[in-house]
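In each ligand, atom 1 is the first atom listed, and ligand 1 is the first ligand listed. Note that the numbering runs from 1 along the sequence shown for the chain.
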Amino acid sequence: MPIVGGSCLPRIRFRRRLVVVFVLTGQDACFGAGPTIPPAYVVVGFSALMSIGGRRGDYGGSVPNSFGTLISSLALYAGSLFITVAKQFVESALYHSKDLVIGNGPQGPFDHLFELKSPLYKTGSLQKFNPGDLFLYAVTDSGMNKKWGRSIKDAVKAAIEGGATIVQLREKDAETREFLEAAKACVEICKSSGVPLLINDRIDVALACNADGVHVGQSDMPAWEARELLGPGKIIGVSCKTLAQAEQAWKDGANYIGCGGVFPTRTKAANPTLGIEGLRTVCLASKLPVVAIGGINAGNAVSVMELGLPNLKGVAVVSALFDRECVATETRNLRSILENAHSRS
Ligand SMILES: Cc1ncc(COP(=O)(O)OP(=O)(O)O)c(N)n1
Ligand SMILES: Cc1ncsc1CCOP(=O)(O)O
């Protein structure tokens with residue numbers, strides 16, 4: 001601080017100069033590798049010095065000159081030191097607990113660890129993922145939308161109108177440039193409705209259109225590498241069929257897993273079916289929220305929701321929404337079925 005020069009200090013007695021120097025330098029000081037001195041330390045140091053300096057009665061009577069002031073200052077100092085040490089202790093415990101599995105439950109008790117360690121968390125710019133958004137996950141398919149004469153943009157608009165809570169652009173056949181243009185338009189639509197938009201597989205497209213995140217499969221870029229590229233504020237979903245894959249997704253910093261195919265589907269070729277029991281097994285082991293996918297429609301969605309597992313947050317659907325004439329109507333219908341089932345469970 002440039003003003004901590006003797007000539008810049010006001011004309012005051014030596015002890016009070018000492019106090020001013022202490023206050024001005026103390027606010028940026030560090031003890032060894034420890035934390036920055038919080039303002040409370042500075043205040044305490046200030047009042048302690050004033051109480052010592054005050055013994056000779058040279059401060060004009062505005063600060064009480066007492067041993068009590070010194071004692072309460074020291075008590076305040078001890079209190080704030082305790083809070084700092086306790087905070088470090090808890091953060092360190094969370095850090096070292098990252099890979100602990102507690103029972104077989106789905107709770108994932110330390111899943112906020114990543115956010116705690118993130119610098120963005122401290123600046124308040126970390127976008128929090130809400131697992132409840134997985135409730136009705138609309139996953140697009142360019143082939144189906146073409147078949148019904150819809151653009152990706154219109155399909156996404158209709159799904160949101162019908163009540164989709166999150167959208168994924170899964171455009172397997174699209175050219176990159178065409179896909180990026182469509183993705184940018186969908187980002188705008190989703191942003192204005194407060195619905196997160198994820199891109200299937202294409203981290204490059206997700207970055208270019210500033211999507212809310214990506215969904216990756218077991219043969220795509222590993223989630224931890226996607227996380228490094230996207231940063232802590234983006235949503236990452238991983239397809240998982242096994243307990244080991246679910247465990248890995250958690251370790252890699254994913255936000256949720258997509259588990260399926262639960263029922264047989266024609267949308268994804270050569271995709272083994274897990275069945276409801278397979279879904280249950282993965283959900284019970286997963287420390288991340290789960291969305292079920294594969295052959296889910298208005299006729300069987302209730303059997304998925306009725307599993308009643310706390311980390312099974314919803315269903316992801318392609319053909320039951322997009323291989324239909326009216327996307328908004330199908331989405332609305334499925335949403336109401338899910339809500340009814342949810343309120344009963
Ligand atoms: C929510 C959700 N879950 C699973 C998948 C399947 O993803 P992936 O294994 O990458 O297969 P493709 O979608 O790429 O065929 C998904 N897309 N979404
Ligand atoms: C992408 C994907 N991953 C597992 S099953 C599946 C297809 C889901 O499509 P649909 O909802 O039409 O069965």
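Within the 4.0 Å heavy-atom cutoff, A320 does not count among the residues contacting ligand 2. Residue contact annotation: R266 has no non-hydrogen atom under 4.0 Å from ligand 2.
The side-chain heavy atoms of P222 and R227, taken from C-beta on, include no pair separated by under 4.5 Å. For the pair W224 and K251, the minimum side-chain heavy-atom distance is 4.5 Å or more. Between N200 and E171, the closest side-chain pair of non-hydrogen atoms is not below 4.5 Å. Inter-residue side-chain proximity for M144 and S319 is flagged as met; some heavy-atom pair is nearer than 4.5 Å. Counting only heavy atoms from C-beta outward, the side chains of K268 and V318 never approach each other to under 4.5 Å. Inter-residue side-chain proximity for F322 and T267 is flagged as unmet; no heavy-atom pair is nearer than 4.5 Å. In this structure, the side chains of V262 and I276 come closer than 4.5 Å at one or more pairs of heavy atoms. Within the 4.5 Å cutoff, the side chain of K153 has heavy atoms near those of the I189 side chain.
A salt bridge is defined here as a Lys NZ or Arg NE, NH1 or NH2 lying under 4.0 Å from an Asp or Glu carboxylate O, and D323 with K147 meets this definition. Residues K184 and E188 are not paired through a salt bridge, judged by the lack of any N-O separation under 4.0 Å between the basic side chain and the carboxylate.
Close approach of ligand 2 to S319 (heavy-atom distance below 4.0 Å) involves ligand atoms 10 (P), 11 (O), 12 (O). Below 4.0 Å from some heavy atom of K268 lie the following atoms of ligand 1, by number and element: 11 (O), 12 (P), 15 (O). Which parts of ligand 2 touch T265 is read off a 4.0 Å heavy-atom cut-off, strictly below it: atoms 9 (O), 10 (P), 12 (O), 13 (O). The G217 neighbourhood of ligand 1 comprises atoms 8 (P), 9 (O), 10 (O), with distances under 4.0 Å to a heavy atom of that residue. In summary, the atoms of ligand 1 found under 4.0 Å from a heavy atom of G258, numbered by their order in the structure, are 3 (N). Near D220, meaning under 4.0 Å from any of its heavy atoms, are these atoms of ligand 1: 10 (O). Set against the non-hydrogen atoms of K172, the atoms of ligand 1 under 4.0 Å away are 12 (P), 14 (O), 15 (O). Taking a cut-off of under 4.0 Å to the non-hydrogen atoms of D201, the atoms of ligand 1 that pass are 10 (O), 14 (O). Each of the atoms 1 (C) of ligand 1 lies under 4.0 Å from some heavy atom of V291.
With a 4.0 Å cut-off on non-hydrogen atoms, V139 does not touch ligand 1 at all. The side chain of T267, and not its backbone, has at least one atom closer than 4.0 Å to an atom of ligand 2 (non-hydrogen atoms only; side chain from C-beta on).
Shortest contact from atom 1 (C) of ligand 2 to any protein heavy atom: R170 NE, 3.5 Å. Ranking the protein heavy atoms by distance from atom 2 (C) of ligand 2 puts K268 CD, 3.5 Å first. R170 NE, 2.6 Å is the protein heavy atom nearest to atom 13 (O) of ligand 1. The protein heavy-atom contact nearest to atom 4 (C) of ligand 2 is N271 ND2, 3.4 Å. Atom 18 (N) of ligand 1 has Q168 NE2, 3.0 Å as its closest protein atom, hydrogens excluded (heavy atom only). Atom 7 (O) of ligand 1 has S239 OG, 2.8 Å as its closest protein atom, hydrogens excluded (heavy atom only). The protein heavy-atom contact nearest to atom 2 (C) of ligand 1 is H215 CE1, 3.2 Å.
Using cut-offs of 30° and 60° on the angle between ring planes, the pair H215 and Y137 is perpendicular.
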Are M305 and N340 close enough, and set up right, to give a side chain to side chain contact (heavy atoms under 4.5 Å, CB included), and what steps lead you there?
-> CA-CA 10 Å; M305 295 309 275; N340 287 338; over 6 Å; no
Yes or no on side-chain hydrogen bond (donor to acceptor under 3.5 Å, both in side chains) for R324 and T329, after CA distance, side-chain angles and deciding distance?
-> CA-CA 9 Å; R324 297 286 191 281; T329 305; over 6 Å; no
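Taking only nitrogen or oxygen atoms, main chain and side chain alike, N200 reaches within less than 3.5 Å of ligand 1. In terms of polar-atom proximity, C259 is not counted as a contact of ligand 1, lacking any N or O under 3.5 Å from an N or O of the ligand. Between A316 and ligand 2, no N or O atom pair is found at a separation short of 3.5 Å. Distances between N or O atoms of Y256 and those of ligand 1 include no value under 3.5 Å. Among the atoms of V318, some N or O lies under 3.5 angstrom from an N or O of ligand 2.
Note that CZ of F179 and CD1 of I199 are 4.5 Å apart. Values are rounded to the nearest 0.5 Å.
Between the side chain of T165 and the backbone N or O of L136, at least one donor-acceptor pair lies under 3.5 Å.
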